[in-house]
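First comes the structure, then the notes that go with it.
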Amino acid sequence: MLVNAASLTDITPDGGDYETVRRVIETITNDYRDQPSLETIAARLGQSPTQLQKVFTRWAGLSPKAFLQAVTLDHAKRLLGQERLPLLETALEVGLSGPGRLHDLFVTHEAMSPGEWKARGEGLTIRYGFHPSPFGLALVMITERGLAGLAFADAGEEKPCFEDMAGRWPNARYVEDSAATAPYASRIFDPEKWSGEQPLRVVLIGTDFQVRVWESLLKIPLGRAVTYSDLAHDIGQPSASRAVGAAVGRNPISFVVPCHRALGKSGALTGYHWGLTRKRAMLGWEAAQIS
DNA sequence: CTACAGTGATGGC
DNA sequence: GCCATCACTGTAG
């Protein structure tokens, strides 16, 4: 991990940088054809180039230029390329008990029973809170069993974001409790705290098919990517790539269940529930964590 | 680039 | 059940 602790404590407590970063990424991806210089971008955002450069680098650990390179098709293909098959064969010793090993952030998970799923959250108490994160405001939702939801919103968009999530388990009781959710937020977004000793507890609430897809996603290590059809193969339904896409899109715990590491077969970023720009940001941020 | 077909899970009716 | 809707993919013009 090249990102040092100081830079992380800079970004994580107040996620203000993300707004700037988001606009930079957006600008560049919209106008990549005319290769805008740092200067032009800075001018458009009403900031000085040096200032912009600094904020961006603090956020990603990567210069804007290097970052962009990390999110190109080329790079995406490389993420996909390396040893196609072995990747998903990595053991996932989860079961419903013992701590399993999972990608970079160690996670234990359990699935909800079908009964609980049918009840659509009936009898479940979900506590939630908004917290700043490197990717904008993060909405964290937890139950007694562990983390159940993670979503993102830009400033001012909290309400639709919450409703999006709450609509998935309409019968649950929702309690605002950011004191309870805060520890989760800080765990998740600080790579320094990713360790196997204290795995993050996660509870997957979804249909059987969805849960299988999400479990597959959890097997993708940091800095790697797979295609929707890889995932389809992994769950034993090679032709169901489209259905897989839909299931990936319904992932309630984005980032932790790394749905941003699922790409189209061409390496193109096909879609993202919380905005394609955010998907780029995550991939670029991760690229910086590895190097 | 667009169009279309084949695809499987899901949710509303 | 039926039908529309997808964060898909391959083929054709």
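Proteins get letters first, then strands, A, B, ... in listed order; numbering begins at 1 in each.
Linking Ile, Leu, Val, Met, Phe, Trp and Tyr residues whenever their side-chain heavy atoms come within less than 4.5 Å places A:V21 and A:L45 in a single cluster.
A:F162 and A:Y128 have tilted rings, their planes meeting at an angle from 30° to 60° on a 0 to 90° scale. Ring planes of A:F135 and A:W59: perpendicular class, angle over 60° (limits at 30 and 60°).
Rounded to whole angstrom, the span from the CG atom of A:D164 across to the P atom of C:dA7 amounts to 12 Å. The separation between A:L276 atom CG and C:dA7 atom P is 11 Å, rounded to whole Å. Taking atom CD1 on A:I235 and atom C1' on C:dC8, their separation rounds to 13 Å, with Å as the unit.
Qualifying salt bridge (charged side-chain N to carboxylate O under 4.0 Å, His left out) partners for A:R120, counting only residues two or more places apart in sequence or in other chains: none. Looking at residues two or more places apart in sequence or on another chain, you find no salt bridge (charged side-chain N to carboxylate O under 4.0 Å, His left out) involving A:D74. Every residue two or more places apart in sequence or in another chain that forms a salt bridge (charged side-chain N to carboxylate O under 4.0 Å, His left out) with A:D154 is listed here: A:R22, A:R278.
Looking at A:M282 and A:Y272, their side chains come closer than 4.5 Å, going by heavy atoms from C-beta outward. At least one side-chain heavy atom of A:I253 sits under 4.5 Å from a side-chain heavy atom of A:N251.
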**Q.** 5'-to-3' dot-bracket of DNA chain C (Watson-Crick, G-U; under 3.5 angstrom; crossing pairs as [ ]; | other strand)
**A.** ||||||.||||||
Hey, what are the protein-to-nucleotides 9-13 of chain C N/O distances that come in under 3.5 Å?
from	atom 1	to	atom 2	distance (Å)
C:dT9	OP1	A:S229	N	3.4
C:dT9	OP2	A:K265	N	3.1
C:dG10	OP1	A:K265	NZ	3.2

Heteroatom pairs (N/O) under 3.5 angstrom, protein to nucleotides 9-13 of chain B:
from	atom 1	to	atom 2	distance (Å)
B:dA9	OP1	A:Q237	NE2	2.8
B:dT10	OP1	A:T207	OG1	2.2

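A:E26 and A:R280 are not joined by a salt bridge, as no carboxylate oxygen comes within less than 4.0 angstrom of a charged side-chain nitrogen.
The number of heavy-atom neighbours closer than 6.0 Å to CD of A:E176, taken from other residues, nucleotides and ligands shown, is above 12.
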